[in-house]
Amino acid sequence: MNSENTKNENINEEEKKQKSKLRETLDFLLPIIIALIVAMLLKTFVFANAVVPTGSMLNTIQEGDRIIASRIEYNFNDPERYDIIIFKAPDEVAKGNEKEFYVKRIIGLPGETVTIVNGVVYVADSSGKTEQLKDDFITACKPTGNFGPYQVPENSYFVMGDNRESSIDSRYWISTNYVDRDLIIGKVKFRYYPFNTFGKLDKTEY
């Protein structure tokens with residue numbers, strides 16, 4: 001009888017140890033799992049990060065820079081001139097590929113007319129009032145070329161790279177010259193790598 005009790009006690013003790021180890025494992029893994037789920041939700045619904053593969057946004061964004069965009073920025077505000085955005089490439093979308101993203105700066109707003117004369121950008125509003133856009137953020141080379149006029153449709157935007165002489169943007173796309181608002185993924189807010197250049201990348205810099 002005593003032997004049977006001792007056996008049962010040993011079994012119970014072993015079960016307790018196994019349950020304790022399982023709880024320790026769960027206690028260790030649960031915060032990691034929660035952190036991963038939160039990170040996935042943030043990446044899907046709040047933030048977008050990207051590595052810029054070309055020099056089309058020099059000197060504002062360097063080739064190889066890593067940037068973060070806010071996916072929710074335009075849930076509350078309309079895109080504004082000079083915003084830097086991540087968006088689905090219109091020509092690629094026209095071919096059924098929605099995984100190719102571009103990073104450019106908004107130049108023309110819905111209802112405006114964009115004209116480029118000798119590399120200088122002019123924008124006219126619906127009343128015909130025309131202004132020359134500032135260009136102190138573009139690459140330190142003289143832009144050239146005549147383009148337009150481009151009549152920006154409603155819910156669409158005309159975008160250009162800051163490196164005007166080396167940017168495939170609204171001037172050159174085949175399917176359309178404009179970025180539909182639905183194709184905008186987010187507003188670029190920060191550069192987080194390289195670490196020595198970490199900082200804001202919105203139009204308030206200019």
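Bear in mind that the values here come from a model prediction, so they are computed numbers and not experimental data.
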What heavy-atom pair brings [X] and [Y] nearest, and what distance separates the two atoms?
X	Y	answer
Ala69	Ile86	CB-CD1, 3.7 Å
Phe158	Val152	CB-CG2, 4.0 Å
Glu165	Thr144	OE1-OG1, 2.8 Å

Below 4.5 Å, heavy atoms only, C-beta onward: do Phe101 and Glu92 meet side chain to side chain?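 Contact flag for Phe101/Glu92 side chains = no.
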Using salt bridge (Lys or Arg N to Asp or Glu O under 4.0 Å) as the criterion, list what pairs up with Arg66, not counting sequence neighbours.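 For Arg66, no residue satisfies salt bridge (Lys or Arg N to Asp or Glu O under 4.0 Å) once neighbours in sequence are set aside.
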For a quick check under 3.5 Å, do Glu63 and Thr54 share a side-chain donor-acceptor pair by atom type?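 Distance-only check fails for Glu63 and Thr54.
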Between Asp91 and Ser175, a side-chain donor and acceptor under 3.5 Å: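 Ser175 and Asp91 do have a side-chain donor-acceptor pair below 3.5 Å.
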Can we call the ring centroids of Tyr172 and Phe147 under 6.0 Å apart?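 Here the rings of Phe147 and Tyr172 have centres that are less than 6.0 Å from each other.
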Let me see the working for Tyr157 and Asp78 under side-chain hydrogen bond (donor to acceptor under 3.5 Å, both in side chains), right down to the final yes or no. CA-CA 11 Å; Tyr157 300 86; Asp78 290 329; 5.3 Å; no
What orientation do Phe87 and Trp173 show, parallel under 30°, tilted 30 to 60°, or perpendicular over 60°?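 Aromatic pair Phe87/Trp173 classed perpendicular.
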Which word best sums up how the rings of Tyr178 and Tyr150 line up, parallel for under 30°, tilted for 30 to 60°, or perpendicular for over 60°?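 Rings of Tyr178 and Tyr150: perpendicular, over 60°.
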Can you tell whether the side chains of Asp136 and Lys134 come within less than 4.0 Å, N to carboxylate O?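 Lys134 and Asp136: not salt-bridged.
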Before you tell me yes or no, could you show the steps for Arg191 and Asp65 under salt bridge (charged side-chain N to carboxylate O under 4.0 Å, His left out), namely the whole-Å CA-CA distance, both residues' side-chain angles and the distance that decides it to 0.1 Å? CA-CA 7 Å; Arg191 172 179 25 234; Asp65 280 359; 2.7 Å; yes
